Amino acid sequence: MAPTAGDLPARLQGVKGYLSRPFPFGVSAHAPGAPDLPDTVNVAVYAPGLKEVDIWFVDPLGRLVSVPLFDETYDIFHGTVEQLRPGARYAFWERGASLPENGQLLLDPWGRAIEQDDAGVYWSVYVESGFDWGGDRRLHVPWRDTVIYEAHVKGQAMLHPDIPEELRGTYAGLAHPVMVKHLQDLGVTAVELLPIHFHIDEPHLQELGLPNYWGYNTLGFFAPHSGYATAAARAAGPKAVQDEVKGMVKALHSAGIEVLLDVVFNHTAEGGKDQQTYSWRGLGDTQYYRHDAEGRYFDTTGCGNTLDFNQPTVVRMALDSLRHWVEEYHIDGFRFDLAVALSRDTHNHFNPRHPFLVALTSDSVLTGTKLIAEPWDVSMGGWQTGRFPQPFHDWNDHFRDIVREFWVSDHGALLAGGQGGSVARLASCLAGSRDLFAPSGRGALSSINFVTAHDGFTLRDLVSYDRKHNEDNGEDNRDGHSHNRSYNHGLEGATADEELMARRRQTALNVMATLLLSLGVPMLTAGDEIGKTQEGNNNAYCQDNPLTWLDWTLSEDQRTMLENTRALMRLRKEFMAGQPHTFPTHDDSSYMHWFNAEGMPMRREEWTRPETRLVQMLLGSPEGKLDGLVVFNGSTESVRIRMPDPDILRTLRPQDRRGTTFQLQFSTAEGSLRRRGATLKAGEPERIEAHSVTVYRA
């Protein structure tokens with residue numbers, strides 16, 4: 001079906017005598033002024049790089065035809081077209097220009113669906129909306145109660161034995177009651193999905209016979225990725241694929257779980273100028289992409305091109321896409337990949353008042369959606385954590401690095417006779433990195449706290465490998481980060497040694513406890529709760545196989561990790577439920593106090609000593625129902641402490657409604673965990689095991 005240079009196309013005339021409009025972009029039903037022609041649509045495409053434009057499509061008789069878009073308004077070519085019906089494939093090409101030998105015409109940047117034909121050519125597909133949502137609405141879970149779970153649609157359910165085989169690795173599989181129950185039992189409130197926009201594999205991966213598993217190579221910002229749909233939905237066509245995505249969202253919403261999308265607006269699948277043209281480059285290269293003074297691509301993404309968000313049409317495309325996913329798919333929020341690339345001005349400097357950010361945060365449709373920035377790109381001045389404007393929330397790489405260092409790499413250094421860092425930097429993380437976010441007018445809840453993500457070691461690998469092992473990626477282990485702040489606990493990789501596994505598990509639990517008990521919004525990576533390993537691969541973007549899929553056949557060690565993660569989640573939820581709704585955003589509704597091993601307030605000199613590896617953190621609210629006391633011991637020895645001094649507590653908490661008794665709730669050290677429920681009075685002595693996190697309720 002793909003047109004070639006030798007084709008003699010069947011050309012139809014556009015519908016004359018009726019008004020076409022330059023908006024909305026793409027194909028829209030019921031062309032204005034032509035209500036008596038139900039098979040007539042309005043078509044509009046921004047193509048400043050072309051002189052005249054034809055739309056090519058498959059008519060109801062199965063013929064490939066072309067129609068001129070006669071009207072032009074400010075580089076937008078538009079027209080009314082007959083016989084372009086729902087389900088029809090279509091694309092654009094310059095009128096009179098030779099057709100490409102490989103048949104690849106120009107996709108609609110606003111196309112709602114994409115299909116690939118038998119010749120390997122991609123086509124936009126005209127799809128009408130419509131879905132029985134029932135009473136479904138966006139959930140608007142408060143940020144203070146949000147716990148994010150970063151997951152891959154395919155990898156999440158691909159190996160689950162209790163999900164029907166035909167649903168595994170699909171949108172429907174993720175929405176299956178078995179998977180929904182796991183998420184509910186775990187306690188997460190939002191699933192953040194790796195890209196589900198339609199994406200393709202990069203040429204260098206195709207040459208290696210590898211896929212782009214993560215999906216950060218977008219070909220369509222309005223089209224769902226059909227590869228994650230069931231075979232039945234793919235066979236039924238793009239409308240069925242869309243319905244399956246919507247059904248997934250509806251099912252998760254019914255369970256109280258929000259759906260966030262990881263979106264990649266910083267670059268497109270067209271890559272560098274020497275790679276295949278699919279859409280934007282052919283329609284208007286200089287208007288869609290960022291260029292330097294010599295006309296070369298100015299690449300701040302490392303992916304060959306960067307979309308130019310100083311161009312109004314690029315801003316419009318991104319905003320229209322976001323609105324589309326909110327209105328048509330009921331998506332609750334977005335994580336913006338390499339968000340700094342979307343916020344650079346004409347001088348390539350990051351601008352927190354960039355027009356795109358202003359338009360995004362003031363848009364009425366997008367108001368109330370969760371907006372998360374990956375606050376860096378790969379160019380100069382690319383690291384901007386803490387500088388994005390309200391109401392953005394930033395991935396906090398400072399939290400990631402400091403928590404890894406304190407619990408993992410420092411632990412290895414201490415056991416080897418070296419020195420670790422003091423507890424001061426960890427305390428900043430526990431407090432929500434307030435110093436980092438204050439200059440942008442934001443507080444602790446603006447921090448998306450994470451220690452692992454799709455990119456990098458899993459939590460289990462973080463405590464099992466000193467080095468990355470990316471040989472399977474085909475780049476001689478050159479790809480991926482080399483400075484991981486990891487520690488293998490004395491042996492590289494997998495082991496059957498139960499004592500070694502227990503030491504690794506305790507370190508992993510220290511990390512998990514710190515993540516879930518810190519102020520801010522925690523983000524877990526799918527599989528960390530069940531001890532997932534990627535065998536040391538810290539850049540598994542091209543591994544679509546059991547290495548990256550979650551294996552639900554759990555060992556006893558993995559079940560222990562899952563049970564402890566659930567317990568920590570419950571502690572967090574119970575604590576937050578006992579605080580006023582303003583906690584922790586208002587200073588008068590929250591407090592955080594720090595005590596040393598003697599139960600006295602931490603002194604300034606103690607914070608600065610590297611050997612200070614223990615701190616007691618008391619947090620709560622004057623109006624709260626309970627306080628939480630967490631003792632962090634990052635030393636390699638057990639420590640005899642005293643619980644916080646009662647006289648000091650009475651000074652800090654004048655109402656003293658909760659008294660001065662502490663009940664042990666949880667410990668990452670198995671010895672202390674067996675004492676769960678034990679009560680201690682303020683000022684009493686207590687033994688805190690080495691390298692552990694211990695949680696009390698007051």
Side-chain angles (χ1 to χ4, degrees), residues 1-3 7-45 47 53-71 76-93 95 99 103-119 121-132 198 219-220 222-224 226 229 232-246 279 320 324 327-329:
M1 187 178 66
D7 280 346
L8 294 174
R11 184 179 294 282
L12 303 179
Q13 293 296 315
V15 181
K16 296 186 177 181
Y18 297 98
L19 176 67
S20 73
R21 292 181 178 174
F23 58 87
F25 282 176
V27 177
S28 52
H30 307 300
D36 56 328
L37 296 174
D39 283 342
T40 300
V41 295
N42 191 83
V43 179
V45 59
V53 176
D54 288 342
I55 181 171
W56 291 67
F57 65 95
V58 179
D59 73 5
L61 298 177
R63 300 175 301 172
L64 182 63
V65 300
S66 64
V67 170
L69 300 181
F70 289 112
D71 300 324
I76 302 169
F77 293 86
H78 50 102
T80 52
V81 178
E82 287 185 290
Q83 302 300 313
L84 203 172
R85 296 178 178 175
R89 294 172 174 175
Y90 71 96
F92 301 107
W93 198 250
R95 191 180 315 153
L99 296 172
Q104 183 62 65
L105 302 183
L106 301 175
L107 298 176
D108 181 1
W110 270 254
R112 269 37 176 182
I114 296 175
E115 286 185 333
Q116 189 177 25
D117 65 22
D118 293 339
V121 174
Y122 292 99
W123 295 87
S124 298
V125 184
Y126 173 41
V127 184
E128 288 187 313
S129 62
F131 181 75
D132 181 11
F198 193 95
L219 191 59
F222 296 78
S226 55
R234 296 197 304 271
K239 178 64 165 61
V241 172
Q242 292 183 358
D243 288 350
E244 188 174 311
V245 179
K246 294 173 183 178
S279 177
D320 283 354
H324 172 70
E327 294 178 322
E328 288 292 325
Y329 292 87

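Just so it is clear, the structure is predicted and the values come from calculations on it, not from any experiment.
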- Under a 4.5 Å cut-off applied to non-hydrogen side-chain atoms, are Trp93 and Ser66 in contact? no
- Note on the structure: Those residues at least two apart in sequence (or on a different chain) that pass side chain to side chain donor-acceptor pair (under 3.5 Å) with Gln242 are none
- Item | Close side-chain approach of Trp56 to Leu99, heavy-atom, < 4.5 Å | yes
- Message: I'd like to check the side chain to side chain contact (heavy atoms under 4.5 Å, CB included) partners of Ala91; sequence neighbours left out, ordered by chain and number.
- Response: Leu105, Trp123
- Item | Counterpart residues, salt bridge (Lys or Arg N to Asp or Glu O under 4.0 Å), relative to Asp320 (two or more places apart) | Arg316, Arg323
- Task: List for me each residue that meets salt bridge (Lys or Arg N to Asp or Glu O under 4.0 Å) alongside Glu327, sequence neighbours excluded, and say none if there are none.
- Result: none
- Task: Can you measure from OH (Tyr90) to CG (Leu64) and round to the nearest 0.5 angstrom?
- Result: 14.5 Å
- Query: Measuring from Asp54:CG to Leu106:CG, what's the distance to the nearest 0.5 Å?
  - Reply: 11.5 Å
- Note on the structure: In short, Ala119 meets Asp117 closest at the heavy-atom pair N-OD1, 2.8 Å
- Is the backbone N or O of Gly111 less than 3.5 Å from a side-chain atom of Ser124, with the two atoms forming a donor-acceptor pair by type? no
- Message: Once side chain to side chain contact (heavy atoms under 4.5 Å, CB included) is applied, do any residues pair with Pro24, and if so which ones, sequence neighbours excluded?
- Response: Ser28
- Item | Minimum-distance pair of heavy atoms, taken over all atoms of Ala47 and Phe77 | O-CE1, 3.3 Å
- Task: Would you check if the side chain of Gln104 reaches a backbone N or O of Tyr122 as a donor-acceptor pair within less than 3.5 Å?
- Result: yes
- Task: Give a yes or no on whether the backbone of Glu128 and the side-chain of Arg112 come within a donor-acceptor separation of less than 3.5 Å.
- Result: no
- Note on the structure: Residue set satisfying side chain to side chain contact (heavy atoms under 4.5 Å, CB included) with Ala240, at least two apart, ordered chain then number -> Ala233, Ala236
- Nearest heavy-atom pair of Val58 and Ala88: which atoms, and what distance? O-CB, 3.5 Å
- Message: Just verifying a value: how many Å separate Asp71 CG and Ile76 CD1, rounded to the nearest 0.5 Å?
- Response: 12.0 Å
- Message: Does Phe92 form a side-chain contact (heavy atoms from CB on, under 4.5 Å) with Val43? I'd like the steps, not just the answer.
- Response: CA-CA 11 Å; Phe92 301 107; Val43 179; 3.7 Å; yes
- Residues Val53 and Arg95: closest non-hydrogen pair is O-NH2, 3.2 Å
- Item | Ala223 to Ile114 - nearest heavy-atom pair and separation | CB-N, 4.0 Å
- Counterpart residues, side chain to side chain contact (heavy atoms under 4.5 Å, CB included), relative to Glu328 (two or more places apart): Ser129, Lys246, His324
- Kindly determine whether Phe57 and Val81 satisfy side-chain contact (heavy atoms from CB on, under 4.5 Å), including the steps that lead there. CA-CA 10 Å; Phe57 65 95; Val81 178; 3.6 Å; yes
- Distance-only, no hydrogens or angles: does the Asp59 side chain make a donor-acceptor pair with backbone N or O of Gln83 under 3.5 Å? no
- Item | Residue pair Val41 / Leu84: nearest heavy atoms and the distance that separates them | CG1-O, 3.7 Å
- Message: Please enumerate all residues that pass ring pair (Phe, Tyr, Trp, His ring centres under 6.0 Å) together with Trp110, with sequence neighbours excluded.
- Response: Phe25, Phe222
